[in-house]
Amino acid sequence: MPSKNNGPGLTGMDPTAKRKASHVDLVLKENVNYIKSTGFEKYEFVHNALPEIDYSEIDTSVRFFSHKFSAPIIVSSMTGGYERAGRINSSIAELCKARNIGMGVGSQRQALQNSNYLESFRVVRRISGDIFVMGNIGAAQVADGFALKEVRRMVEMVEADALAVHLNALQELIQPEGDRNFRGVISGIARLVRVLDIPVIVKETGAGINAAAARKLVDAGVSAIDVSGAGGTSWSAIETLRRDDRRIGTKFWNWGTPTAEALVQVNSIPARKKIKLISSGGIRDGLDVAKSIALGADICAGAQPFLKALDEDGTDGLISEFDNWVEELKGAMFLTGSSNVNQLRKAKIVKVLA
Ligand SMILES: Cc1cc2nc3c(=O)[nH]c(=O)nc-3n(C[C@H](O)[C@H](O)[C@H](O)COP(=O)(O)O)c2cc1C
């Protein structure tokens with residue numbers, strides 16, 4: 001999917017569709033990464049010279065809610081809501097079906113307002129069969145006193161197995177047209193948990209969820225937390241590049257809790273066992289996945305690398321990116337003597353840098 005081919009062009013699209021298209025374009029054409037790292041480089045596995053396992057028998061599969069995944073990897077919530085987004089979602093759904101992993105769709109609100117955009121979301125379930133799919137709604141909409149009928153329509157649109165609520169205060173701060181009223185988010189999330197009969201997952205979008213926020217989310221009854229920490233895609237960067245005045249966005253480019261730090265913090269809260277923990281934000285290879293698992297994550301998620309692989313080499317590129325991650329994950333499992341993911345959770349990992 002070459003980046004020059006943006007479908008019918010931006011003219012004729014509504015402002016939300018245009019914004020979503022510009023987000024994808026900027027991620028593909030510009031450097032929108034944090035200038036600080038996830039912190040995973042501070043951790044190293046202790047090498048096991050006597051692994052006493054057979055590489056060919058390594059099992060990377062995990063259970064996540066009611067689904068069995070071939071590897072602890074989810075393609076994170078990204079897009080939907082315009083023509084090219086439909087093609088992106090359909091390729092990601094193909095990968096997820098072929099490799100039996102889960103995926104998220106991007107924010108669905110706009111599809112409720114304009115039925116032209118429904119197809120770019122519906123295509124996911126049509127192609128993916130019965131894989132794990134997460135719907136997506138923004139914190140600001142949840143705080144707004146959402147209509148239950150609308151949330152149910154979002155769930156039905158992709159026959160979602162879980163609904164992800166994204167926390168994106170950093171993005172809304174820098175976005176010129178951003179929605180900055182975050183009053184009522186936590187009570188809105190608690191209400192969602194009460195009324196929905198599927199798990200509610202709360203995710204950041206790259207600035208990280210720390211222990212204090214995680215405790216509030218557990219009290220609100222969420223089923224999973226995706227820390228989505230700093231070190232990968234910076235939403236301040238993306239929104240900065242959409243503005244004429246770049247001062248504020250540049251100042252906040254690096255704002256956020258690095259992923260490894262957020263993960264370790266949330267993993268250590270007393271109520272940890274009540275939730276599933278997802279590591280994302282700057283996960284760039286199978287070693288990051290392996291380290292995340294050893295540091296307490298149940299599963300990992302990645303966004304930007306999959307979008308880029310698809311853009312550069314189409315669905316084959318997307319599939320080989322995923323296969324590379326699994327090969328690297330298996331390498332780390334072999335060298336720590338972990339023949340399955342539960343053993344990897346107990347593998348020795350040490351902090352080598354302060
Ligand atoms: C193009 C793009 C669009 C995104 N749109 C959404 C979205 O609609 N909803 C959401 O929850 N997260 C969205 N995200 C955030 C990702 O799910 C993820 O939390 C973040 O990009 C950090 O992961 P990464 O470093 O692997 O990209 C988007 C990310 C990208 C790259």
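Here the structure is a predicted model, which is why all the values come from computation and not from measurement. Along the sequence shown, the residues carry numbers beginning at 1.
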Taking the side chain from [X] and the backbone from [Y], do they hold a donor-acceptor pair closer than 3.5 Å?
| X | Y | result |
| --- | --- | --- |
| R125 | G129 | yes |
| R180 | L173 | yes |
| R215 | N210 | no |

Can you find a side-chain donor-acceptor pair between [X] and [Y] that sits under 3.5 Å?
| X | Y | answer |
| --- | --- | --- |
| S236 | S234 | no |
| T38 | T259 | no |
| N116 | N114 | yes |
| S37 | E41 | yes |

field: Inter- and intrachain pairs under ring-ring contact (aromatic ring centres under 6.0 Å, His included), touching residues 185-239, at least two apart
entry: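 Only H23-W235 qualify under ring-ring contact (aromatic ring centres under 6.0 Å, His included).
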message: Listing request: all ring-ring contact (aromatic ring centres under 6.0 Å, His included) pairs with a residue in residues 291-347, at least two apart in sequence or in separate chains.
response: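 Sorted result for residues 291-347: Y55-F334, F306-W325.
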- prompt: Among I73, I131, V124, which residue meets the side-chain contact (heavy atoms from CB on, under 4.5 Å) test with C96?
  reply: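 When side-chain contact (heavy atoms from CB on, under 4.5 Å) is applied between C96 and each of I73, I131, V124, only I131 qualifies.
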- prompt: With F69, which of I101, N100, V341 fulfils side-chain contact (heavy atoms from CB on, under 4.5 Å)?
  reply: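 Option passing the side-chain contact (heavy atoms from CB on, under 4.5 Å) with F69: I101.
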When you check the gap from the basic side-chain N to the acidic O, do [X] and [Y] get nearer than 4.0 Å?
| X | Y | result |
| --- | --- | --- |
| K20 | D14 | no |
| R99 | D323 | yes |
| E177 | R242 | yes |
| R152 | D197 | no |
| R126 | E119 | yes |
| E239 | R243 | no |

- request: Specify whether F132 and F64 have parallel, tilted or perpendicular ring planes, treating 30° as the upper limit for parallel and 60° as the lower limit for perpendicular.
  value: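 Perpendicular: the ring planes of F132 and F64 meet at over 60°.
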- request: Report yes if some heavy atom in the side chain of C300 is under 4.5 Å from a heavy atom in the side chain of S292; otherwise report no.
  value: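 In short, these two side chains touch, coming nearer than 4.5 Å.
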message: With heavy-atom distances below 4.5 Å as the criterion, would you say the side chains of I201 and V165 are in contact?
response: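 Not in contact.
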Side chain to side chain donor-acceptor pair (under 3.5 Å) partner of H166, chosen from D226, T205, N136: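 That would be N136; it is the only one of D226, T205, N136 passing the side chain to side chain donor-acceptor pair (under 3.5 Å) with H166.
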- prompt: Which pairs with one or both residues in residues 58-75 pass side chain to side chain donor-acceptor pair (under 3.5 Å), sequence neighbours excluded?
  reply: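 Applying side chain to side chain donor-acceptor pair (under 3.5 Å) to every pair that reaches into residues 58-75, excluding sequence neighbours, yields D59-S61.
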query: Is the cationic atom of R109 (NZ for Lys, CZ for Arg) positioned less than 6.0 Å from the six-membered ring centroid of F146 and within 45 degrees of its normal?
result: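 Geometry flag: not set, cation outside 6.0 Å or 45°.
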query: Which atom names give the shortest non-hydrogen contact between M78 and A303, and what distance separates them?
result: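 For M78 versus A303, the nearest heavy atoms are CE-O, 3.4 Å.
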